[in-house]
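Please read the structure below before turning to the comments.
Counting starts at 1 for both ligands and their atoms, following the listed order. Just so it is clear, the model here is predicted, and its values are computed rather than measured. The first residue of the sequence shown is numbered 1, and numbering continues consecutively from there.
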Amino acid sequence: MKSLDPILKPRSVAIVGATPRRGSIGHELMKSIIQYEYNGKLFPVNPKYEFIHSIKAYPSVQSIPDPVDLAIIVVPKEHVLSVAEDCGKKGVKGLVVISAGFKEVGGEGEEREKALLQLKEKYGYRIVGPNCMGIINATEEVRLNATFAPVQPESGKLAIMSQSGALGVAILLAVQNINLGLSYFVSVGNKADIAGIDLLEYWENDERTQVIALYLESFGNPLRFTEISKRIFKKKPIVVVKSGTTAAGARAASSHTGALAGMEIAVEALLQQCGVIRVSTIDEMMDLVFALTKSPIPKGDRIGILTNAGGPGIMATDAVETLGLRMAVLSDTTVETLRDMLSPESSVGNPVDMLAAAGPLEYEKALDALLTDDGVDLAITIFVPPLMIEPEDVVRKIIEVKERYDKPVLCVLMAEERFLEELPRRFREVPPFYRFPESAVRVAAEMCQYWRWCSRPQGQIKTFPVKIEPIKEIICKHQSTGGGFLPPIEVFKVLEDYGFPVCKSVIVSKGGDIIEAAEQIGYPLVLKVYGEGIIHKSDIGGVVVGIKTPEELIKARSKMEDQCNAAGVLGNVSGFVVQEMADPDGKEVILGMTVDDKFGPLVMFGMGGKYVEILKDITFRVMPVTDIDAWEMVKEIKSYPLLEGVRGEKRVDIELLVESIQRLAQLVNDIHCLRELDINPFIVAPERKHCKIVDARIRVAEKDVY
Ligand code: ADP
Ligand code: MG
């Protein structure tokens, strides 16, 4: 028996705080359990009553003669601990604490929650809540509805977890509206003990559950969440609505990467990497789970659209393009079939526009033709009911046809509200339907995203041979003096030892021989200032490129000093970097890392240079980063075509970028005190030997930060 079985499949339930008093939670809860026809034993507990709703009541949990699997606690907060103690002594295996007044109110409540957890340790039971709205097991064997939400959900394939009680009710009502059917519903409240990851693990191998939906406000343990979802998502889709923000924590905006890593970035990166489908609203969640529970997963992203009206067909086509899906190219056979069968005015390309006269028969035949076509992975049918055609007949035909194929069919029904409300109860096999084309296409895009994730290879974590010892030495030395930014000479050394192509540079102290340094580099060259607190050098005129002669070099230096003086940072100047010129036609990209308090290190890639914060064409990943992740990072930025080369330009060495992302991930994995790291710009060219890192910054913390 699994440790959550006594809670989610209890054979006997005690309701502590049950009461015949109408309007109270104890009353509603008991009513809901009875009405839903729970298949186990029920024991109301309340010392004030001999019986409640004609069922014998007990003064305490310990006085119940039978064993008790689950106690649902709805007593006032002051009594929860003594009830929990009573449950422990009785040998109850699970508690659902509905009562509020715990951690969520702070102070005394926080103490109360700690004391509750101590009782859990003492007696070894598991706890849902406190401050939650209960649980449902909707399977035929159990039928336990221990919530006070006014719903009686059908049995189905969808398991739901909600961190918010109020939204939990809203979700249950939405589920009921489309008659979706549930396997389980759990409102986790304060998550003192049982949280999302416990439920994911429980549902992983639960046969009833085919789709998992989570409403999350916070992550208890993001890394564990990643690990578990990575294991589960190919077996059953996981849909997440994540609201709220992560603690941005100690994220100074001194690096580009830090400034760009907004609150939501870590969550986004994490969810994407572990194959979870993230949606933004409860509405979108319902739209998607409707499709996931009612239809197969598409095996491609080619969409066939069938409509009886031009406008909605065009809207759907537009949405297909913008959401990165493809319009299917129909085969000659399909086109011929459609031509023979439809009125001559109809358009038989994709979208197939059958015009307003199309009735049930046309929908049947045309949908059949679309689904037979190997070039169509998913069909969207759009129906705007004209007066002479009964929408119900069209829906019936669509159901008949879709049942014969292993392809998803999403329906747009722009019909009367009343018709749509009744539809889920009129047809048991109702297809997922939507009021507007955009919603259906959005769902199609999410399903295709899921299909892509499921079919992508696992990826590998590469390890390059690097010189780690000298780096550890540099970093340890720096840590022992309090951490902070490494001086440029050490930044370059760290990167070089890790196999990055660093631009040839000579560091000259403030009064040093700059001409001799220039001779080592050769003209044309670049002069840069460096020093404590000088973060964005070009902002204060601290970078001059294309210096061709010693005279120009001397001039550039004195001008630079004047500008530093004007900016009030002359005292900070430690010296200058004399650097080789990188390929003037190269593209500037950025590689970076920053640390999120909760999610750990984040690795970034994007278009770099001075405008990185304005263009924000960047992408993040949490660790670990595989070779597949690295490729996806490079390919998913908007400017990727620029790297491929446009208008006759040559493609830059993209393989080197992918490799560099993995080297950076390796560095992050080896050294645990990096606060932030920015390589900006990395100037990349078509030939590997011309690809150079010209500027980088590394800040280390005093202690390990991850
Ligand atoms: P900062 O980021 O502190 O302003 P950088 O060293 O990144 O200073 O230089 C700013 C810009 O100058 C770069 O984005 C790049 O366009 C140009 N640049 C810097 N170093 C070189 C170089 N070695 N070769 C060519 N261009 C360079
Ligand atoms: Mg820079």
Hey, is there an N, O or S on S538 sitting under 2.8 Å from the Mg ion (ligand 2)? no
Based purely on interatomic distance, does C503 place a nitrogen or oxygen under 3.5 Å from a nitrogen or oxygen of ligand 1? no
Is D695 close enough that one of its N/O/S atoms sits under 2.8 Å from the Mg ion (ligand 2)? yes
Is it the side chain, the backbone, both or neither of H536 that has a heavy atom closer than 4.0 Å to ligand 1? backbone
Closest to atom 3 (O) of ligand 1 by heavy-atom distance, out of M581, K537, K504, K610, is K537
Below 4.0 angstrom, N of the basic side chain to O of the carboxylate: do R452 and E632 qualify? no
Ionic contact status for K504 with E496, cut-off 4.0 Å: no
Salt bridge check: are K462 and D627 linked by an N-O gap of less than 4.0 Å? no
Suppose I only count heavy atoms of D695 and a 4.0 Å limit; which atoms of ligand 1 are within that range? 1 (P), 2 (O), 3 (O), 5 (P), 6 (O), 7 (O), 8 (O)
Does K692 have a heavy atom less than 4.0 Å from any atom of ligand 1? no
Quickly, which of Q163, K103, E104 forms a side-chain hydrogen bond (donor to acceptor under 3.5 Å, both in side chains) with N190? Name it, please. E104
Give the atom numbers and elements of ligand 1 that come within less than 4.0 Å of a heavy atom of V543. 8 (O), 9 (O), 12 (O)
To the nearest 0.5 Å, tell me how far R278 CZ sits from L271 CG. 6.0 Å
Any N/O pair E588/ligand 1 closer than 3.5 Å: yes
Evaluating non-hydrogen atoms only, which member of V545, I693, V694 is closest to atom 17 (C) of ligand 1? V545
Side chain, backbone, both or neither: I535 near ligand 1, heavy atoms under 4.0 Å: backbone
Taking E636 first and then R621, would you say they form a salt bridge - that is, a charged N and a carboxylate O separated by under 4.0 Å? yes
Which of the ligand 1 atoms, numbered from 1, are nearer than 4.0 Å to a heavy atom of A582: 22 (C), 23 (N), 24 (N), 25 (C)
Hey, are R326 and D377 close enough for a salt bridge, meaning a charged N less than 4.0 Å from a carboxylate O? no
Check ion pair R224-E227 (N to O, under 4.0 angstrom): yes
R697 to ligand 1: N or O pair under 3.5 Å? no
By number and element, which atoms of ligand 1 are closer than 4.0 Å to a non-hydrogen atom of N680? 7 (O)
With a cut-off of under 6.0 Å to the ring centre and 45° to the axis, is R663 in cation-pi contact with F464? yes
